[in-house]
Amino acid sequence: MKKPFIIAIDGASSTGKSTLAKGLAIALDMVYVDSGAMYRAVTFYAQQKSWLTLNGLDEAQLITHLDDIQLSFQQHKLYLNGVDVSSEIRSMEVSNAVSQVASISEVRAFLVAQQRIIGATHSVVMDGRDIGTVVFPNADLKLFLTADAKVRAQRRYKELKEQDTTVSLEQIEANITQRDHMDSTRDDSPLRQAKDAIVLDAMKYNVSEMLQHVLELVKQRKR
Ligand code: CDP
């Protein structure tokens, strides 16, 4: 079997990681894994079980029951114990709590193990916060996307409005700022640029220019 080719894309919220990752996966016939969706699904599960409420998180219960959580991607949809939760995991309720859940080392170890299994057998484009630093430190290509917080909030606002939610730009900005802070200051696998990552300013390219630029980088790596 040919060694899988791994592309790791990291960066803060709404920098366009998943748009780029999906485009690359289609163009290069690779598997796309949205690692953030996995953290969101664990968060949603904890909320369903009432271990996570506005009053706090029962970490011990969540950690004890991690093995009850089965996640699988099918046609870019995420299934949690056999149920498609792709829309539910995008709610503000989940967005506001996910960074807290993602700071738990046991949760990270549980999900990172699954992410590595996928990358062991498939050529993968994976996006997240720790893909180039922790999940695949030997990835063939590492990208780190950046953009101003205001631009990112606008971007996410447009996306969510298309799904007709009632969320305001202010709520999104607050959520992005809070997650930026929590994700980059946590002890376990904080959001960091890998030393060998190529930094791309997402504000400099439109979607197709970004894709073309990265396809060129992939070509150079494959040579
Ligand atoms: O879509 P968006 O960029 O807003 O976030 P996401 O990729 O869906 O990730 C949601 C949250 O999961 C992040 O804010 C992190 O707290 C966590 N996450 C993580 O800790 N490590 C990853 N590899 C991916 C996501």
Side-chain angles (χ1 to χ4, degrees), residues 6-22 32-47 52 57 62 71 73 76-78 80 85-116 118-119 124-137 139 142-149 151-160 162-163 165 167 169 171-194 197 202:
I6 309 280
I7 303 178
I9 307 180
D10 289 304
S13 176
S14 309
T15 40
K17 301 184 299 286
S18 68
T19 306
L20 172 63
K22 279 181 207 156
Y32 164 53
V33 177
D34 174 356
S35 70
M38 301 171 81
Y39 289 93
R40 287 173 176 273
V42 172
T43 305
F44 181 62
Y45 187 77
Q47 287 172 334
L52 175 56
L57 167 65
L62 176 58
L71 300 177
F73 286 98
H76 293 187
K77 297 212 175 301
L78 180 58
L80 165 62
V85 293
S86 312
S87 335
E88 288 82 350
I89 59 170
R90 301 288 154 200
S91 73
M92 276 317 273
E93 210 183 348
V94 170
S95 296
N96 285 332
V98 61
S99 291
Q100 187 185 1
V101 170
S103 69
I104 304 171
S105 290
E106 288 83 352
V107 169
R108 302 204 69 82
F110 174 70
L111 295 180
V112 168
Q114 298 179 36
Q115 292 155 7
R116 287 187 180 143
I118 304 173
V124 169
V125 188
M126 196 174 293
D127 74 333
R129 303 292 187 287
D130 62 340
I131 310 304
T133 49
V134 174
V135 183
F136 296 120
K142 298 183 188 179
L143 305 171
F144 192 84
L145 267 53
T146 61
D148 289 351
V151 173
R152 293 190 279 123
Q154 283 284 357
R155 202 190 134 85
R156 182 51 52 93
Y157 182 64
K158 245 184 89 194
E159 261 172 29
L160 289 176
E162 277 164 20
Q163 292 152 30
T165 61
V167 67
L169 180 61
Q171 284 171 311
I172 293 175
E173 270 180 8
N175 174 252
I176 284 184
T177 310
Q178 180 221 21
R179 281 198 287 137
D180 280 357
H181 178 72
M182 289 182 75
D183 293 345
S184 47
T185 55
R186 66 178 174 228
D187 292 334
D188 191 344
S189 317
L191 168 63
R192 289 265 186 286
Q193 180 195 324

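All figures in this text were calculated on a predicted structure; none of them were measured in a lab. Numbering of ligands and ligand atoms starts at 1, following listing order.
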Looking only at protein heavy atoms, identify the closest one to atom 21 (N) of ligand 1 and say how far it is in Å.
Arg108 NH2, 3.0 Å
Side chain, backbone, both or neither: which part of Arg186 has a heavy atom under 4.0 Å from ligand 1?
side chain
For ligand 1, is any non-hydrogen atom under 4.0 Å from Arg156's backbone (N, CA, C, O), its side chain (CB onward), both, or neither?
side chain
Taking non-hydrogen atoms only, is Arg90 closer than 4.0 angstrom to ligand 1 via side chain, backbone, both or neither?
side chain
Counting non-hydrogen protein atoms only, what is the nearest one to atom 25 (C) of ligand 1? Give residue, atom name and distance.
Gly36 CA, 3.5 Å
For the residue pair Ser35 and Gly128, what are the closest heavy atoms and their distance?
OG-CA, 3.4 Å
In ligand 1, the atoms that come under 4.0 Å of a heavy atom of Ser14 are 3 (O)
What closest approach, in Å, do Ala194 and Lys142 show between heavy atoms, and which atom pair accounts for it?
CB-CD, 3.8 Å
Judged by heavy atoms only, the candidate from Arg129, Arg179, Gln115, Lys17 nearest atom 7 (O) of ligand 1 is Arg129
Distance from atom 17 (C) of ligand 1 to nearest protein heavy atom, with residue and atom:
Ala102 CB, 3.7 Å
So is Met126 in contact with ligand 1, going by heavy-atom distances below 4.0 Å?
no
Provide, to 0.1 Å, the distance between atom 8 (O) of ligand 1 and the closest protein heavy atom, together with that atom's residue and name.
Arg40 NE, 2.7 Å
I need the minimum non-hydrogen distance between Val135 and Arg116, along with the two atoms involved.
O-NE, 3.0 Å
Nearest protein heavy-atom contact for atom 16 (O) of ligand 1: which residue, which atom, what distance?
Asp183 OD1, 2.7 Å
Using a heavy-atom cut-off of under 4.0 Å, does the side chain or the backbone of Met38 touch ligand 1, or both, or neither?
neither
Are the charged groups of Lys22 and Asp34 less than 4.0 angstrom apart, N to O?
no
Below 4.0 angstrom, N of the basic side chain to O of the carboxylate: do Asp183 and Arg129 qualify?
yes
Run the numbers for me: atoms of ligand 1, each under 4.0 Å from some heavy atom of Ser13, listed by number.
2 (P), 3 (O), 4 (O)
Sidechain N-carboxylate O distance under 4.0 Å for Asp10, Arg192
no
For atom 24 (C) of ligand 1, which protein heavy atom lies nearest, and how many Å away is it?
Ser35 OG, 3.3 Å
With side chain to side chain donor-acceptor pair (under 3.5 Å) as the criterion, how do Arg186 and Ser103 come out once you've worked through the C-alpha distance, each side chain's angles and the decisive distance to 0.1 Å?
CA-CA 6 Å; Arg186 66 178 174 228; Ser103 69; over 6 Å; no
Which heavy atom of Arg179 sits nearest a heavy atom of Ser13, and at what distance?
NH2-OG, 3.1 Å
Quick one: look up the protein heavy atom nearest atom 23 (N) of ligand 1 and list residue, atom name and how far away it is.
Asp130 OD1, 2.7 Å
Count the heavy atoms belonging to other residues, nucleotides or ligands that lie under 6.0 Å from NE2 of His181, then report whether that count exceeds 12.
no
Looking at Lys158 and Glu162, does any basic side-chain N land under 4.0 Å from a carboxylate oxygen?
no
